[in-house]
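What follows is a short report on a single structure.
Predicted model, so just to flag it, every value in this text is computed and none were measured. Values below: all heavy atoms of this structure, side chains included; hydrogens, waters and symmetry mates excluded.
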Amino acid sequence: MRPFHIFCFLLIVMILVTGYRFRDVFYEEQSIEIMETQQVALGELENDTLIRPGMPAEKDGGGFIISEKKVSEKDSITYKNASGFLSGKLDSFFMRLSHLGDKPLRVIYFGDSQIEGDHITYTFRQKLQKEFGGAGIGFMPAKMYFNTTHNLAVVTNDFDVHSVTYSDKNGGPYGMYGKFYALKNESGKLRIVNRSGKADFRILRFISSGKSNIEIISGSKTVCSKFIDNEGVEITECTFEQTPEEVKVFFNESQNFKLHGMMLDSETGVLVDNVSFRGNLTLMAHRFNVELVGQMKAHLNPTLFVLHFGLNVIPDYRTDYSDYRAALERDIRFLQAQVPSASFLVISASDMMHKKGGELVVYENIDDIIRVQHEAAVNTGAAFWDMQEAMGGEGAIQHWVEKGWARSDYAHLTLEGGNYLGEVLYEDIINAYRQFIQTDSLMQKQESESPKHITMEEK
């Protein structure tokens with residue numbers, strides 16, 4: 001009977017492992033756990049950023065103070081009208097949208113933990129792809145610490161994470177995405193698992209450097225294989241006839257191999273990357289490697305950069321946020337110098353509350369932070385989207401927590417809240433795009449008619 005007992009035991013273990021292999025959190029090394037409990041504190045612009053303990057989540061309960069601004073009363077995601085939360089111009093992005101041909105158009109959406117798990121970008125991407133075509137979810141990290149809206153998991157223990165946030169601040173090298181994943185040994189593997197089958201993509205792209213023999217397997221078939229040996233940027237691209245349920249990627253005979261980006265894309269349409277940096281005050285783009293960024297730009301061809309930060313600035317009270325404004329401007333100007341043809345969009349800090357004297361109150365410095373974010377956008381020619389106002393104004397987070405659109409820390413969004421804001425952001429941008437198209441068409445019409453008028457007068 002012993003073999004039978006062993007068989008039953010193994011069967012139970014298999015069921016448990018299968019049922020729980022995709023938990024919301026992937027348990028990693030202790031160093032990673034420490035990273036996740038820290039956030040970057042605001043320091044002088046000329047100095048390196050400091051690290052301090054993260055802000056603990058607030059608990060429910062207690063009274064609250066709210067401003068006189070009206071709180072949103074919407075109970076479902078039905079927003080369809082122009083809201084006016086968007087200001088500034090996105091002309092380059094709109095021009096590319098209006099002439100979208102066979103080449104894809106890429107949006108790189110940078111942010112802090114507010115966008116982790118593809119929050120906001122999931123709905124924003126879906127709406128854009130429905131309107132302009134495209135598929136895939138864009139950039140995916142090789143190491144995941146959170147569940148994603150699209151229920152697609154990347155599973156591996158063979159890579160170390162390097163980011164502008166926590167490590168190698170004097171070198172990197174960091175490319176366009178501000179992070180890379182270094183293979184620990186000469187060989188390793190990762191799995192891409194499409195849990196729900198909803199993550200539609202046709203192309204798997206690796207942007208890497210170093211030496212490795214890469215083999216990509218779907219099902220039991222080797223779909224692509226490539227040997228790379230390049231200290232600069234190397235692109236490995238694999239196309240699938242239909243979206244696979246699971247992809248296994250093996251790396252062998254590797255030396256100094258770094259994975260700078262992994263994208264799940266389509267050949268045409270709009271692509272939207274979600275690139276989150278937990279704990280960041282800003283993007284820290286000045287730590288990016290100019291040469292690598294330039295090489296990656298040639299392959300990615302980004303047309304819109306979104307910078308969505310501010311959540312970690314709010315708990316740090318200051319009388320003057322000019323250094324923060326300068327840091328934002330430095331990020332934007334760095335990217336503008338590398339990709340001058342792109343448009344830029346700054347998204348403000350969200351609404352946020354905390355307990356003070358037993359009462360739940362709005363952070364009194366949010367207005368100052370949003371003001372300098374808007375100033376940074378104006379000073380660099382970027383567009384600006386007021387996320388706090390899109391939520392309903394000061395104190396709206398209280399209503400969002402009650403509806404289940406925000407978490408009980410009165411700071412982070414839930415899936416539902418992220419979906420709502422993704423739709424509002426899309427509606428604002430698409431309305432601005434339609435106005436741009438109408439204005440551009442009118443100008444073209446006037447230009448085409450003007451020479452005819454002059455010719456008739458001359459006759």
* Between the side chain of W385 and the main-chain N/O of L425, is any donor-acceptor distance below 3.5 Å? -> no
* Asked: Is the side chain of S348 donor-acceptor paired with the backbone N or O of M387 at a distance under 3.5 Å, no angle test?
  -> yes
* Asked: Does the Q373 side chain pair with the main chain of D386, one donor and one acceptor, at a distance under 3.5 Å?
  -> no
* **is_close_aromatic(Y363, H354), centroid dist under 6.0 Å** => yes
* Heavy-atom donor-acceptor pair, S343 side chain to F93 backbone, under 3.5 Å -> yes
* Should L271 and L300 count as side-chain neighbours, where that means a heavy-atom distance under 4.5 Å? -> no
* **Within-4.5 Å side-chain heavy-atom neighbours: T414 and H119** => no
* Going from CE on M353 to CD on Q398, what distance comes out if it is rounded to the nearest 0.5 angstrom? -> 5.5 Å
* Specify whether F180 and H162 have parallel, tilted or perpendicular ring planes, treating 30° as the upper limit for parallel and 60° as the lower limit for perpendicular. => parallel
* Asked: When the ring planes of F334 and F288 are compared, do they come out parallel, tilted or perpendicular, using 30° and 60° as the limits?
  -> perpendicular
* To do: State whether a side-chain donor-acceptor pair under 3.5 Å links E416 with Y420.
  => no
* Asked: Which heavy-atom pair separates A142 from T156 by the least distance, and what is that distance?
  -> O-CG2, 3.0 Å
* To do: Evaluate the side-chain proximity of F110 to D331: yes if any heavy-atom separation is below 4.5 Å, no if none is.
  => no
* To do: Mark yes or no for whether S218, through its side chain, and V247, through its backbone, hold a donor-acceptor pair below 3.5 Å.
  => no
* To do: List in chain and number order the residues that pass salt bridge (charged side-chain N to carboxylate O under 4.0 Å, His left out) with D273, two or more places apart in sequence or in another chain; answer none if no residue qualifies.
  => R106
* Asked: Are the side chain of Y174 and the backbone of S163 linked by a donor-acceptor contact shorter than 3.5 Å?
  -> yes
* **Distance (rounded to the nearest 0.5 Å) between I366 CD1 and E364 CD** => 10.0 Å
* Asked: Taking it one step at a time, do W405 and M391 satisfy side chain to side chain contact (heavy atoms under 4.5 Å, CB included)?
  -> CA-CA 10 Å; W405 286 11; M391 293 176 68; over 6 Å; no
* Provide the closest heavy-atom pair for P302 versus V339 in the form atom of the first, atom of the second, distance. => O-CG1, 3.7 Å
* Structure fact -> Closest heavy-atom pair, F384 versus H374, reported as atoms and distance to 0.1 Å, is CD2-CD2, 3.3 Å
* Asked: Would W400 and L421 satisfy side chain to side chain contact (heavy atoms under 4.5 Å, CB included), going step by step from the backbone distance to the final call?
  -> CA-CA 12 Å; W400 281 53; L421 284 176; 3.7 Å; yes
* Looking only at heavy atoms, what is the nearest atom pair of L86 and A432, with distance? -> CD2-CB, 3.8 Å
* Just by distance, do the side chain of D160 and the backbone of K184 share a donor-acceptor pair under 3.5 Å? -> no
* Measure up the F277 and F309 rings against each other and bin them: parallel (under 30°), tilted (30 to 60°), perpendicular (over 60°). => tilted
* Please lay out, stage by stage, how K130 and K127 fare under the test side chain to side chain contact (heavy atoms under 4.5 Å, CB included). => CA-CA 5 Å; K130 183 178 180 180; K127 300 286 287 184; 5.8 Å; no
* For D351 and A396, indicate whether the former's side chain and the latter's backbone hold a donor-acceptor pair under 3.5 Å. => yes
* Asked: Any side-chain heavy atom of I192 sitting closer than 4.5 Å to one from N194?
  -> no
* Asked: Do F257 and F159 come within less than 4.5 Å of each other through their side chains, counting heavy atoms only?
  -> yes
* Asked: P173 and H260: which non-hydrogen atoms are nearest, and at how many Å?
  -> O-CE1, 3.7 Å
* Is there a donor-acceptor contact under 3.5 Å from the side chain of E246 to the main chain of R191? -> no
* Asked: With sequence neighbours excluded, what pairs up with E291 under the salt bridge (charged side-chain N to carboxylate O under 4.0 Å, His left out) test?
  -> none
* To do: Could you tell me whether the side chain of Q388 reaches within less than 4.5 Å of the side chain of E394, counting heavy atoms only?
  => yes
* Might you work through the side chain to side chain contact (heavy atoms under 4.5 Å, CB included) test for H308 and I120, ending with a clear yes or no? => CA-CA 11 Å; H308 183 170; I120 300 178; 3.7 Å; yes
* Asked: Using the ring of each side chain (for Trp, its six-membered ring), is Y433 parallel, tilted or perpendicular to F436, with breaks at 30° and 60°?
  -> parallel
* Does K179 use its side chain to pair, donor to acceptor, with the backbone of S276 at less than 3.5 Å? -> yes
* **Atom pair CG (N301) and CG (L105), whose distance is rounded to the nearest 0.5 Å** => 7.5 Å
* Close side-chain approach of I108 to L335, heavy-atom, < 4.5 Å -> no
* **Nearest heavy atoms of M176 and M296, plus distance in Å** => N-SD, 3.3 Å
* **Non-hydrogen side-chain atoms of D158 and K189 separated by less than 4.5 Å** => yes
* Return yes when atom NZ of K248 has more than 12 non-hydrogen atoms of other residues, nucleotides or ligands closer than 6.0 Å, and no otherwise. => no
* Asked: Between atom CD1 of I397 and atom CG of L360, what is the distance when rounded to the nearest 0.5 Å?
  -> 9.5 Å
* To do: Look at R125 together with D118 and state whether they make a salt bridge at an N to O cut-off of under 4.0 Å.
  => yes
* Asked: Do any pairs count as a salt bridge (charged side-chain N to carboxylate O under 4.0 Å, His left out) and have a residue in residues 370-380, sequence neighbours left out, and if so which ones?
  -> R325-E375, D368-R371, R371-E375
* Asked: How long is the span from the CZ atom in F206 to the CE atom in M263, to the nearest 0.5 Å?
  -> 9.5 Å
* Between T380 and Q336, is any side-chain donor less than 3.5 angstrom from a side-chain acceptor? -> no
* Asked: How long is the span from the CG atom in L281 to the CG atom in L311, to the nearest 0.5 Å?
  -> 10.0 Å
